[in-house]
Amino acid sequence: MQALTADEDFLTQRISGRVEQVFSRAVNLFIPHTQQLLTLLSEGCDNAPNSCRLALTQCDTLFRPGEQVQFSDSGIAVGEDKWIDTSACQRWLAPKWALTAEQFQQIPWQRWSEVIHQQLRENETLFLYRGDNVFYQEIARVLQKRRQALYQALLQNNNVENAVAQCIGLGIGLTPSADDYLVGLGIILFIRGHPAEKYREAFLSALHRARNNTTLLSAVTLDAAFQQRYRESLGRCIADIITEPNLVTLQNITVIKNIGSSSGCDMLYGMADACALSHWSGGNYVNQDSC
């Protein structure tokens, strides 16, 4: 089995672990020594941190939870019958985006926020749930309450860390709704040169405090996103916002919508709020490099 692309962190692993979870297009590998999750992806998936794309279309017919995994210089042994050849694997390098004061002011942040919101329909994300399930109704109510508290904390520069910690782990699934929302929020607010970049440490401190409230996969994803490491499709949308700010296209937004069952929509909800916050903070922009 051939490895196609992988990020540097994945390719430098020389350690053992086990298959933790198997899905149709992804396999999570647990590394006990570092308490880390790495991911094998089918070829149709986009690149992502701590991940490796393989030359296969389905994962759940080959891999089984509990199989032992051993990384080496030339590949990865999985169980007793599988070998992943990494010798010709290409390294995926995610672009590092940055904003100047002039670029920040030229982006129509409010328009981007409105367009993203318009793509999200009721019940595509728990934040907008309008169905009859009482359990989901209550989760949606609490999600909105804590989202509004975080939004105000960021606007007022007041108790941001606590507001973030209150969100972590809220929702259902391997990556709870509020966590995916925080991913979307962070990938925009923490672009280098963004005036809200100063809140990165508060978000990371909140994650450290509340890490046990969520899943390992979600904690790893949050940590990466807060440090500007995220999947390729999200990066393409960020590129659109920075390099073609007045050409609001839906192609990459639609791709993000299709991430997971609702994760992509939760991320987009966070991105929309981040754009709205960027609009409100525009008049107070300070280029941190000039301080």
Side-chain angles (χ1 to χ4, degrees), residues 49 94-107 109-110 112-113 116-117 127 142-171 175-214 218-231 234-235 237-238 241-242 245 256 266-291:
K96 300 290 186 181
W97 295 105
L99 283 166
T100 63
E102 182 180 1
Q103 284 176 314
F104 182 87
Q105 296 291 352
Q106 289 177 346
I107 295 171
W109 292 107
Q110 188 62 36
W112 275 98
S113 176
I116 294 173
H117 269 304
F127 283 94
V142 178
L143 281 168
Q144 285 294 350
K145 180 179 179 180
R146 296 191 184 175
R147 168 205 171 223
Q148 291 162 10
L150 174 56
Y151 195 94
Q152 289 302 313
L154 288 165
L155 277 179
Q156 299 167 13
N157 189 21
N158 180 42
N159 208 12
V160 171
E161 181 180 328
N162 188 60
V164 175
Q166 290 293 312
C167 291
I168 292 174
L170 181 59
T175 55
S177 302
D179 293 3
D180 289 326
Y181 170 85
L182 291 173
V183 167
L185 204 65
I187 65 173
I188 288 180
L189 296 185
F190 303 149
I191 297 171
R192 189 170 183 269
H194 193 292
E197 187 187 10
K198 62 186 179 182
Y199 294 120
R200 184 200 313 274
E201 290 307 315
F203 274 62
L204 287 169
S205 295
L207 177 57
H208 179 74
R209 280 174 47 193
R211 195 179 186 94
N212 291 336
N213 293 342
T214 192
S218 196
V220 169
T221 304
L222 284 167
D223 183 73
F226 294 166
Q227 300 188 62
Q228 289 292 282
R229 298 175 60 240
Y230 39 78
R231 58 195 299 163
L234 294 169
C237 192
I238 298 300
I241 293 173
I242 294 176
I256 295 171
D266 296 331
M267 291 177 194
L268 285 170
Y269 203 62
M271 292 172 70
D273 276 0
C275 288
L277 284 163
S278 301
H279 169 75
W280 287 110
S281 65
N284 300 313
Y285 184 91
V286 176
N287 187 333
Q288 296 175 14
D289 289 341
S290 65
C291 296

Which pair of heavy atoms, one from [X] and one from [Y], lies closest together, and at what distance?
X: C167; Y: A178; answer: O-CB, 3.1 Å
X: I241; Y: C275; answer: CD1-SG, 4.5 Å
X: L170; Y: P176; answer: O-CB, 3.4 Å
X: L207; Y: A219; answer: CD2-O, 3.8 Å
X: A225; Y: I187; answer: CB-CG2, 4.1 Å
X: E161; Y: A206; answer: O-CB, 3.3 Å

Side chains of [X] and [Y] in contact at under 4.5 Å (non-hydrogen atoms):
X: L277; Y: L185; value: yes
X: R231; Y: I256; value: no
X: C237; Y: M271; value: yes
X: Y181; Y: L150; value: yes

Please step through side chain to side chain contact (heavy atoms under 4.5 Å, CB included) for the pair T175 and D266, ending with a clear verdict. CA-CA 10 Å; T175 55; D266 296 331; over 6 Å; no

Begin with the C-alpha distance, continue with both residues' side-chain angles, and end with the deciding distance and a verdict on side chain to side chain contact (heavy atoms under 4.5 Å, CB included) for Q144 and F127. CA-CA 6 Å; Q144 285 294 350; F127 283 94; 3.9 Å; yes

So, taking the atom named [atom1] in [X] and the one named [atom2] in [Y], what distance separates them when rounded to the nearest 0.5 Å?
X: T100; Y: Q105; atom1: OG1; atom2: CD; result: 9.5 Å
X: I238; Y: I188; atom1: CD1; atom2: CD1; result: 4.5 Å
X: N213; Y: S218; atom1: CG; atom2: OG; result: 11.0 Å
X: L143; Y: Q148; atom1: CG; atom2: CD; result: 11.0 Å

Checking H117 now: which residues fulfil ring-ring contact (aromatic ring centres under 6.0 Å, His included) with it, not counting sequence neighbours?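 Result, ring-ring contact (aromatic ring centres under 6.0 Å, His included) vs H117: Y269.
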
Listed partners of W109 passing ring-ring contact (aromatic ring centres under 6.0 Å, His included), at least two apart: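 W109 satisfies ring-ring contact (aromatic ring centres under 6.0 Å, His included) with F104, H194 once adjacent residues are dropped.
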
Set of residues satisfying side-chain contact (heavy atoms from CB on, under 4.5 Å) with respect to [X], sequence neighbours excluded:
X: Q106; answer: E102
X: P245; answer: I107, P108
X: T221; answer: V183, L217
X: R200; answer: F190, E197, L204, Q228

May I have the step-by-step check of side chain to side chain contact (heavy atoms under 4.5 Å, CB included) for I242 and I191, ending in yes or no? CA-CA 10 Å; I242 294 176; I191 297 171; 4.1 Å; yes

Considering only distance and modelled atom types, tabulate donor-acceptor pairs under 3.5 Å from the side chains of residues 151-160, sequence neighbours left out.
{"residue": "Q152", "atom": "OE1", "partner": "Q156", "partner atom": "NE2", "Å": "3.0"}
{"residue": "N157", "atom": "OD1", "partner": "Y199", "partner atom": "OH", "Å": "3.2"}

Using side chain to side chain contact (heavy atoms under 4.5 Å, CB included), reason through R211 and L222 one step at a time and then give a plain yes or no. CA-CA 10 Å; R211 195 179 186 94; L222 284 167; over 6 Å; no

With salt bridge (Lys or Arg N to Asp or Glu O under 4.0 Å) as the rule and sequence neighbours excluded, what pairs involving residues 145-160 come up? R147-D273

